Amino acid sequence: MAKKTYDLLFKLLLIGDSGVGKTCILFRFSDNHFTTTFISTIGIDFKIKTVELRGKKIKLQIWDTAGQERFHTITTSYYRGAMGIMLVYDITNEKTFDDIVKWLRNIDEHANEDVEKMILGNKCDMEEKRVVSKDRGEAIAREHGIRFMETSAKANINIDRAFSELAEAILDKTAGRDADADHARIAVERRPSRAPPARACCS
Amino acid sequence: MNYEETKSVVQEKFLSSERVTAFLCDAKVLHPEWVKKDRLLCIVEYGDEKAVFCLFTSSYPPKSFTDLSIEIVLPIDNTFKCEIDNKPSDPEAVLYLNLQSRNNKFKFEIQMTPRVDNFVDDLFRGIEAVSKVPTQPEFVWLKKYHGKDEDDIITQFSVIPRSGVAHAQNSAPVAIRESLIKRKMYDKELEYTFTKKFTVFCGTWNVNDKSPVIPLEGWLSVDREPPDIYAVGFQELDLSKETFLFDQTFREDEWYNAVINYVDRRAKYVKLEKVRLVGMLLIVLIKQKYISHVRNVVCDTVGTGIMGKMGNKGGVSIRFDLHNTSMCFVNSHLAAHVEEYERRNQDFRDICNRTRFLQPNQQAKAIKDHDQIYWIGDLNYRITDLDPNTVKQLIKDNNFEKILEWDQLKQQHKNNNVFAGYTEGPITFKPTYKYDPGTDNWDSSEKNRAPAWCDRIFWKGEAISQLAYRSHPALNISDHKPVSATFSSSIKVIDEEKYRKVYEDVIKQLDKLENELIPQVKVDLTEIDFGTVKYLELQVRTITIKNIGKLPVEFEFIKKLDETSFCKEWLIVEPYKKCICADESCEIQLKVLINKTSACKINAGTDKLYDILVLHLYGGKDIFITVTGTYQRSCFGCSIEVLVNLNKPIKDVPVGKLIELENKRDQCVSNQSTYSIPKEIWFLVDHIYLHGLKEPNLFEQPGLHSEVLQIRDWLDSGSVDPIPGSIHSVAEALLLLLESTADPIIPYNLQSICLKASANYLQCKQIVMELPEFRKNVFLYLCEFLQEALQHSAENGLDAKTLSTLFGEIFLRDNPNQIQEPQSRINKQVIDKKKAQFVHHFLVNDHSDLIFTR
Ligand SMILES: Nc1nc2c(ncn2[C@@H]2O[C@H](COP(=O)(O)OP(=O)(O)OP(=O)(O)O)[C@@H](O)[C@H]2O)c(=O)[nH]1
Ligand SMILES: [Mg+2]
């Protein structure tokens, strides 16, 4: 009767321009909750959620990052250790879609080589304001060999699916590599070093 | 207020069932984040469980229980540790008490008083008591002191392992989650289980060293329906010395095979487990179709025989889970001899206390930790105080009730001396001991023992009903007759569908709890704009971090990748690290100060007043705090080569132009530049020359910081007003300006040559000749001025020695970027002397030949 709480822990990361809906996606997924007020994320935050995939309990630790331009250099230091990354753009905002290429480059430079990626075109509930067609989203994903999905945090479209698909992709990899997947194996590491600062601040 | 009165106040803080057994008034918590203020320490007892409480009191001593608030709760469980440090020589007579429980560690400072002994004694009594009880106490009563809901006992665990979520090497949180899930699932058992009746057959036989030479179905196969589970126990399987000494016997297989042969043939059985200790053998069989629902089969043996350890007496046990019900079977052979019933009681207790079922990754279980317990065996209790012949007569009359009144086991059981909480069914069969083997006749030896019901079956647990309890006299090869009982027992079976749903709900609840426990703070400002920042003018801003989560939060400003410090050198953050309790706030001061080092970098464009700090919450998120400001450019911190090129006040020079000049300063040549020395130096020197040469204590009395800042503004803005401030402030500004130039007047690479040449004026002159042009100009200009000043030594009190020391330090400024070997003080003195010596030549000798030669 002693079942494990979870078999695996996956660290996922949400990146993308400010305002595309990263925080909302995470809230919808973890709390099944949505709010229209925009409070831009100033930092890095995470939530956990346990899901079951193919009989395995998987604990997802999902990190939400600040999308604002000025934080880009800092946020890239959190990429390493992520096993899956969601790149989010806003289908009603051309620029956020154009920037996907930039975010992909960031991943190439800073994330683990074998990180699983997925592109999300968010706010697909706003059909009347759409400026990026689904075809274009699919095309760029195909070009880079990445999974793609259109989502809406507001209307709760594809949110659960997106996370399970990403987790499943990671599980496929993990299962192949590790026969002993029964043990909670956790590969998470935070970049900014926590060593004592070189300069203690006392006046 | 005396000790007893205070104690009764403390007692009021707790329920009456929770007794304060010891307490100390003057303890102090030693913790960097806690006020080292008086606390009360007390030990509280509830039933068998004890815990140490640390209380804060708002008035000292507390007048009412409302003055007290509970700060720390440390259950005395088997994780509890106590260490005492004391220094007997310490005149203060204090004692340090290190207490640890479940990953929480605290150090207390305690005043040595006679009460301390009491307290410490009580503490150790508590620790000892815990080490004796077989299972971990649950401390349910402590939950209310941890927080508002039942989950909070976990909350306090989480304080430490939180960071594990991010780091994860630490398995503690996983284990906690695990046990929490188990508990929650256990609480909700009714929601996902239904019960199903199983029949359980228990049989016991003391075979008195005999082999199974007769068929056993008359004992094992007598029920109308084949039982679902068999638990068959034997005693005195083999009385040979070899078995006793080496614990080996062929009889085990003989009897095991006999049992297998003679169990009910209508069903198919498989062995669940068997276990033997010397002559005690326990075999558990189950219908084949149920074996897949059996889990966690573990057995154990306990010897209570010779010296309380040997296996001639004792118990063997098997435990397992069938569906969702835990079952335990014990077969025991207790101490012999009529008068030894106390020994038998003790053997029972020893078996209970010493039997331990070890399972990987789980706490060891004791016999009592099971839903259902079946205890069989030759318990060896006899009939006392009745004459053997009377007993035999009563048996003949079938008057068992009368004899059972004198049965030691019935008596001991009734008084709760043994088998407390267990049940035994009514005995309707003749005593099973002692017969002449091969007959149904009572023992005919001259001992003439009274017959007795040595062989018995007890059970404990809900939903068990006994269907039969009997002996089987026809099996007569031993001096004992076999006994058996059949039970109908309710087993909890899991409804997979419902289980899943409940399980998912529990997981969801836990996820929610875990998310709520992630440290949460509110920072009132994440963008701090210092506005205009001026050279050497300190500015302070405050931000407030409020802990809005449920747990204490520890924050720290952490370094960004590839950076050596968590903030730029012009910024000071205080405190950069601290712990904030729930609902409390912490103010953090951010101070900006541009000194010469950062001014040079900003002037050259290699740094700017912009930084992003990473405020990290342990086990939680990071918050980015942006710091900005606009640096108002100043002549302080500029290069001499740049200053000579500025034909207008620095305030009017575009920032870009300044950066460009700084970066090209090496290419600066005289025929293009505006001045031969920086006008700012000239202004200051000229002012002193005109107004201050006779000023007493010139260059020795410090100026006012505020006036220096006014002079800075005067220079930077090119004001036409007279220079503000006193002569001393002007002199100070001059020194600060000379000290702040991006490069020293004598370049770093020439300094060691200067020091070597310091005794030789000619060589020194030679070096000065070779200085970069504008530095040479400044050097000679200042020496000229200082010579002038020395002319007035009678008034201003200057002498060449003092001045050369002062300016030696400025002209030959140490390179801050050079990693300095730790200099001895003597060495430093020698160097300073040489620097002074170098300058001294130019203060006492006529060097007009050097001036303006190119
Ligand atoms: N219509 C619609 N609006 C959405 C959706 N998702 C997010 N929004 C809105 O978009 C705005 C920004 O959402 P956030 O989730 O805070 O954006 P973000 O990506 O986290 O932004 P940063 O934290 O600055 O990086 C909010 O006002 C949301 O209400 C969606 O699916 N549909
Ligand atoms: Mg956000």
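Side chains are part of it too, since the values below use all heavy atoms of this structure and drop only hydrogens, waters and symmetry mates. A note on names: the letters A, B, ... follow the listed sequences, proteins ahead of strands, and every chain is numbered from 1. From a predicted model like this one, the values you see are computed outputs, not experimental measurements.
- In this structure, the separation between OG1 on A:Thr65 and CG on B:Asp622 is 12.0 Å, given to the nearest 0.5 Å.
- A distance of 12.0 Å separates NZ of B:Lys508 from OG of A:Ser30, quoted to the nearest 0.5 Å.
- In plain terms, the two heavy atoms of B:Gly620 and A:Phe46 that are nearest each other are CA-CE2, 3.7 Å.
- Here the shortest heavy-atom pairing between B:Ile612 and A:Phe71 reads CD1-CD2, 3.8 Å.
- More than 12 heavy atoms of other shown residues, nucleotides or ligands fall within 6.0 angstrom of atom CZ in A:Phe38.
- Side-chain N or O atoms of B:Asn515 include one that pairs as donor or acceptor with a backbone N or O of A:Ile48 at under 3.5 Å.
- Taking CG from B:Leu561 and NE2 from A:His110, the interatomic distance works out to 8.5 Å, rounded to the nearest 0.5 Å.
- Atom NZ of B:Lys512 has 12 or fewer heavy atoms from other residues, nucleotides or ligands within 6.0 Å.
- Side-chain N or O atoms of B:Asp511 include one that pairs as donor or acceptor with a backbone N or O of A:Thr50 at under 3.5 Å.
- Between the OG1 atom in B:Thr626 and the CD1 atom in A:Ile74 there is a gap of 7.5 Å [rounded to 0.5 Å].
- Between the CD atom in B:Glu516 and the CG atom in A:Asp31 there is a gap of 8.5 Å [rounded to 0.5 Å].
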Item to check | salt bridge (Lys or Arg N to Asp or Glu O under 4.0 Å) assessment of A:Glu52 paired with B:Arg500 | outcome: CA-CA 11 Å; A:Glu52 193 161 333; B:Arg500 251 189 96 78; 3.5 Å; yes
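- The side-chain heavy atoms of B:Lys621 and A:Lys47, taken from C-beta on, include no pair separated by under 4.5 Å.
- A:Ile44 CD1 to B:Phe624 CZ: the interatomic distance, rounded to the nearest 0.5 Å, is 4.0 Å.
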Item to check | A:Arg70/B:Glu527 under side chain to side chain contact (heavy atoms under 4.5 Å, CB included): CA gap, chis, key distance, verdict | outcome: CA-CA 12 Å; A:Arg70 59 189 164 125; B:Glu527 278 173 58; 2.9 Å; yes
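- With a 6.0 Å radius and a threshold of 12 heavy atoms from other residues, nucleotides or ligands, A:Phe34 has its CZ atom above the threshold.
- Heavy atoms from other residues, nucleotides or ligands lying under 6.0 Å from CD of A:Glu109 number more than 12.
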